A.B. asks: 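This is the structure, below, for whatever I ask next.
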Amino acid sequence: MPDVKTLLGNVWSSIAKPRDVARWVMSYDLPVRLRWEVLLLVVVLSVIAAHVSIAYIARADAFVMGELVLNPWTTGVLQLTVLVTAVFAVHLIGRAMGGQGALADAILLIAWLQFCLLCLQVVQTLFLIVMPPIAGLIGIAGFVLFFWLLSNFVAELHGFRSLGLVFAMIIVSLLSIIFALSLILTLLGVAVPGASFDV
């Protein structure tokens with residue numbers, strides 16, 4: 001396994017050369033179970049980082065958002081669910097579009113993507129302490145970084161050439177998944193907290 005210096009170096013390289021880093025990530029021949037454990041570890045680290053930020057810096061925001069973000073088990077389960085869904089979506093939708101990527105590699109790439117966002121989250125937390133306005137800009141950068149890395153990772157995983165088409169496929173797939181989940185929750189009678197359609 002790579003050391004900390006190599007990991008952090010490749011986090012930075014992911015911005016400039018994401019497809020090269022994707023190949024580096026996929027070069028690791030790990031058992032599937034270990035890959036899932038890596039994904040779980042990244043989720044745990046992300047939840048810890050998020051709740052440290054909430055507990056010591058963003059109390060007001062956490063209060064506004066409610067109990068959902070104050071419960072680490074809830075946020076952990078939600079994040080794990082999102083990432084596992086992302087793994088299967090990247091694999092299955094990519095294969096349906098003619099890609100050749102393997103599920104095992106999709107697991108590692110999504111775990112690496114989340115690790116990159118985790119590093120950015122740590123930087124954002126530090127700026128919340130010293131320069132809060134910059135932290136807001138970092139949050140916007142994180143949103144852009146997510147789609148940049150995901151598009152490149154999916155393209156490299158499945159051997160797609162057009163990054164623009166991959167990005168479009170991601171947006172359409174994301175909207176479709178959100179719509180499907182909303183429909184399922186509505187049929188189950190689950191309402192979004194704080195949302196009301198009463199007149």
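Nothing here was measured: the structure is a model prediction, and the numbers come from that model. Throughout, numbering of the chain's residues begins at 1 and tracks the sequence.
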A.B. asks: How far does CG of N10 sit from CG of D20, to the nearest 0.5 angstrom?
C.D. replies: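 Interatomic distance, N10 CG to D20 CG, rounded to 0.5 Å: 10.0 Å.
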A.B. asks: Can you sort out the partners of V77 under side-chain contact (heavy atoms from CB on, under 4.5 Å), two or more places apart, ordered by chain and number?
C.D. replies: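 Result, side-chain contact (heavy atoms from CB on, under 4.5 Å) vs V77: T81.
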A.B. asks: Between L45 and V82, is there a shared hydrophobic cluster once you connect ILVMFWY residues whose side-chain heavy atoms come closer than 4.5 Å?
C.D. replies: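 Result: no, two separate clusters.
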A.B. asks: Start with the C-alpha gap between C119 and V123, add the side-chain angles, then the distance that decides, and say whether side chain to side chain contact (heavy atoms under 4.5 Å, CB included) holds.
C.D. replies: CA-CA 6 Å; C119 292; V123 173; 5.8 Å; no
A.B. asks: Report yes or no: does H91 contribute a side-chain atom to a donor-acceptor pair with the main-chain N or O of I107 at less than 3.5 Å?
C.D. replies: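 No, the answer is negative, given that no donor and acceptor are paired below the 3.5 Å cut-off.
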A.B. asks: For the residue pair M97 and L165, establish whether any side-chain heavy-atom pair is separated by less than 4.5 Å.
C.D. replies: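 No, their side chains stay 4.5 Å or more apart.
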A.B. asks: Check whether any side-chain heavy atom of L175 sits under 4.5 Å from a side-chain heavy atom of F179, and report yes or no.
C.D. replies: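 Side chain of L175 against side chain of F179, heavy atoms only: no contact under 4.5 Å found.
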A.B. asks: Between I110 and F153, is any pair of side-chain heavy atoms under 4.5 Å apart?
C.D. replies: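 Contact flag for I110/F153 side chains = no.
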A.B. asks: To the nearest 0.5 Å, what is the distance between CG (L41) and CD (Q114)?
C.D. replies: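 Separation between the atoms: 11.5 Å.
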A.B. asks: Apply side chain to side chain contact (heavy atoms under 4.5 Å, CB included) to L157 and V90, showing your working.
C.D. replies: CA-CA 9 Å; L157 172 66; V90 164; 3.5 Å; yes
A.B. asks: With a 4.5 Å cut-off on side-chain heavy-atom distances among I, L, V, M, F, W and Y, is there a chain of contacts connecting L181 to I171?
C.D. replies: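 Hydrophobic grouping puts L181 apart from I171.
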A.B. asks: With a 4.5 Å cut-off on side-chain heavy-atom distances among I, L, V, M, F, W and Y, is there a chain of contacts connecting I177 to V84?
C.D. replies: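 In one cluster: no.
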A.B. asks: Nearest 0.5 angstrom please: L108 CG to L34 CG, how far?
C.D. replies: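 It comes to 8.0 Å.
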A.B. asks: Under a 4.5 Å cut-off applied to non-hydrogen side-chain atoms, are L40 and W36 in contact?
C.D. replies: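 Result no, sub-4.5 Å side-chain heavy-atom pair not found.
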A.B. asks: Side chain to side chain contact (heavy atoms under 4.5 Å, CB included) for L113 and L109? Distances and angles first, verdict last.
C.D. replies: CA-CA 6 Å; L113 171 61; L109 286 174; over 6 Å; no
A.B. asks: State, to 0.1 Å, how close R35 and L30 come at their nearest heavy-atom pair, and which atoms those are.
C.D. replies: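 Closest pair (atom of R35, atom of L30, distance): NE-O, 2.7 Å.
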A.B. asks: State whether a side-chain donor-acceptor pair under 3.5 Å links W24 with S13.
C.D. replies: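 On atom types as modelled, these side chains do not qualify, holding no pair under 3.5 Å.
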A.B. asks: Just to verify, what does F127 make a ring pair (Phe, Tyr, Trp, His ring centres under 6.0 Å) with, not counting sequence neighbours?
C.D. replies: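 Counting only residues at least two positions away or on another chain, F127 forms no ring pair (Phe, Tyr, Trp, His ring centres under 6.0 Å).
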A.B. asks: Could you measure the distance from the OG1 atom of T75 to the CG atom of L80? Nearest 0.5 Å is fine.
C.D. replies: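 Here the rounded value is 11.0 Å.
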A.B. asks: Quick one: closest heavy-atom pair of Q79 and S46, and the distance?
C.D. replies: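 Answer, listing the atom of Q79 first, then S46: OE1-CB, 3.0 Å.
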A.B. asks: Search all heavy atoms of G76 against all heavy atoms of V43 and return the closest pair with its distance.
C.D. replies: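 Heavy atoms only, the tightest pair is O-CG1, 3.7 Å.
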A.B. asks: State the CZ-OG distance between F146 and S151, to the nearest 0.5 angstrom.
C.D. replies: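 The distance works out to 8.5 Å.
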A.B. asks: Can you check whether Q100's main-chain N or O pairs, donor with acceptor, with R95's side chain at less than 3.5 Å?
C.D. replies: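 Indeed, once roles are kept as given, a pair shorter than 3.5 Å links the two residues.
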A.B. asks: Begin with the C-alpha distance, continue with both residues' side-chain angles, and end with the deciding distance and a verdict on side chain to side chain contact (heavy atoms under 4.5 Å, CB included) for V21 and W112.
C.D. replies: CA-CA 10 Å; V21 175; W112 180 255; 3.5 Å; yes
A.B. asks: So which heavy atom on V166 is nearest to which on A155, and how close?
C.D. replies: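 Answer, listing the atom of V166 first, then A155: CG2-CB, 4.0 Å.
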A.B. asks: Please check if L174 and V172 belong to a single hydrophobic cluster, counting links between Ile, Leu, Val, Met, Phe, Trp and Tyr side chain heavy atoms closer than 4.5 Å.
C.D. replies: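 Cluster IDs for L174 and V172 differ.
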A.B. asks: Would you say L137 and F143 are hydrophobically clustered, going by side-chain heavy atoms of ILVMFWY under 4.5 Å?
C.D. replies: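 Looking at the clustering, F143 is in the same group as L137.
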A.B. asks: Could you tell me if the side chain of F167 sits less than 4.5 Å from the side chain of L150, heavy atoms only?
C.D. replies: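 Counting from C-beta outward, L150 and F167 never come under 4.5 Å.
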A.B. asks: Once rounded to the nearest 0.5 Å, what's the spacing between atom OG of S14 and atom CZ of F115?
C.D. replies: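 S14 atom OG to F115 atom CZ measures 9.5 Å (nearest 0.5 Å).
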A.B. asks: Testing the basics here: between A111 and V38, what is the closest heavy-atom pair and its distance to 0.1 Å?
C.D. replies: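 Here A111 and V38 meet closest at CB-CG1, 4.1 Å.
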A.B. asks: Of all heavy-atom pairs between G142 and L120, which one has the smallest distance, and what is that distance?
C.D. replies: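 Closest pair (atom of G142, atom of L120, distance): CA-CD2, 3.2 Å.
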